[in-house]
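Below, chains carry the letters A, B, ... as their sequence lines are ordered, and counting in each starts from 1.
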Amino acid sequence: MAKTVLAVDDSSSLRQMVAFSLKAAGYQVIEAVDGIDGFEKAKNQTVDLVLTDQNMPRMDGIGLIKLLRGIASYQKVPILMLTTESSDEMKAQGRAAGANGWLVKPFDPQRLIEVVKKVIG
Amino acid sequence: MPKKKLLGIQVKHLLSGVSDHGTQHLAEVEADLVQTALLLGEAIEKLGVNFMAIHAAVCAQQETVNLLLSGKVPTSEYAEKLKEVDGEIGKRVNAVVTSLQFQDLTSQLIGRTVMRVTKLREYLDTLGSSCAVMLPDSDCDEIVNLLGQLNETLAAQSVELHSILRKAVTQTHMESGDIELF
């Protein structure tokens with residue numbers, strides 16, 4: 001059965017690129033437009049990996065991670081940040097919140113797939 | 001302190017504050033626009049190059065399809081070429097996917113620029129509305145007080161603007177970014 005990735009990003013073109021890349025590699029992709037939408041979608045279904053942007057309206061990526069890590073079923077689900085942010089300070093905040101990795105945009109589809117495979121198989 | 005001197009200090013403070021604030025934010029707007037232009041230019045160039053390469057690859061594939069349709073059996077050379085073309089298309093599509101992400105990066109830069117311009121306009125509105133309260137026959141004390149209040153308001157607006165305009169996009173190329181697993 002295909003593994004499911006929840007892609008959270010307020011940019012529709014970015015979500016489209018993530019979905020295009022991961023679906024081609026055999027993953028199922030659920031899209032969410034911001035942290036709140038991502039949290040609602042994560043609560044209602046099981047996902048194998050969360051891939052989230054940082055800067056989004058209503059709720060940012062680190063806020064989403066903090067909420068998800070508060071749910072028992074999401075304590076061990078890998079969460080990767082995919083963001084334009086690249087400062088050490090922001091990475092440290094993400095790591096402290098419970099992120100398992102940091103990918104700086106723009107992404108190369110092949111490298112994204114390799115990372116996703118490494119993390120969830 | 002003599003009133004004239006107090007007035008001079010407040011006027012100097014106001015003028016230098018407006019000048020510093022305006023200059024600094026316009027410099028940031030300029031930097032964001034230059035960065036946006038760089039990203040757009042590189043993205044368009046890469047999209048163009050890769051589009052042409054995909055077109056050439058599809059044409060090469062079509063040659064083989066035409067050969068098959070004509071009833072001829074393609075040689076092993078054709079099979080090898082098809083494999084090569086397939087790999088080339090995959091590589092080019094990946095490059096297109098990376099380049100297409102320019103929209104996400106540039107829209108963040110443009111959003112920041114728009115917010116900066118909006119806040120700069122609000123700053124100038126504050127300046128304008130305070131000047132409107134200052135009457136030509138206001139006495140020196142009134143003017144000093146008004147200028148003092150105006151300087152405080154503008155300083156607060158300047159601090160607020162700095163706090164909401166953190167730079168989230170530092171990329172100047174449409175190359176894939178770093179990956180770090182914790």
Need one label for [X]: side chain, backbone, both or neither, based on atoms under 4.5 Å from any heavy atom in chain B.
X	result
A/Lys91	both
A/Asp53	neither
A/Met90	side chain
A/Asp108	both
A/Leu103	both
A/Leu80	side chain
A/Ala24	neither
A/Ser87	neither

Give me the atom names and distance for the closest heavy-atom approach of B/Asp104 to A/Ser13.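 Shortest heavy-atom contact: N-OG, 4.3 Å.
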
I need the minimum non-hydrogen distance between A/Pro106 and B/Thr98, along with the two atoms involved.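 Shortest heavy-atom separation between A/Pro106 and B/Thr98 comes out as CB-O, 3.8 Å.
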
Take atom [atom1] of [X] as the centre, draw a 6.0 Å sphere, and report whether it contains more than 12 heavy atoms from other residues, nucleotides or ligands.
X	atom1	result
A/Lys43	NZ	yes
A/Glu40	CD	yes
A/Lys66	NZ	no
B/Phe182	CZ	yes
B/Glu30	CD	no
A/Glu89	CD	no

Rounded to the nearest 0.5 Å, what's the gap from [atom1] on [X] to [atom2] on [Y]? Could you check?
X	Y	atom1	atom2	result
B/Met174	A/Lys105	CE	NZ	11.0 Å
B/Gln108	A/Thr84	CD	OG1	4.0 Å
A/Gln110	B/Asn94	CD	CG	5.5 Å
B/Gln103	A/Gln16	CD	CD	10.0 Å

Any side-chain heavy-atom pair of A/Leu112 and B/Ile179 under 4.5 Å: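 No, too far: nothing below the 4.5 Å cut-off.
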
Side chains of A/Phe107 and B/Val97, heavy atoms from C-beta outward: is any pair under 4.5 Å?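 SC-SC contact between A/Phe107 and B/Val97 confirmed.
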
Contact class of [X] relative to chain A, heavy atoms under 4.5 angstrom:
X	value
B/Val93	side chain
B/Gln171	side chain
B/Glu175	backbone

Hydrophobic cluster membership, A/Ile36 vs A/Leu14, 4.5 Å side-chain cutoff: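 No; tracing contacts between hydrophobic side chains, which count when under 4.5 Å, never links both residues.
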
Do side-chain atoms of A/Arg111 reach the backbone of B/Gly177 as a donor and acceptor pair under 3.5 angstrom?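 Checking the backbone N and O of B/Gly177 against the side chain of A/Arg111, a donor-acceptor pair under 3.5 Å is found.
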
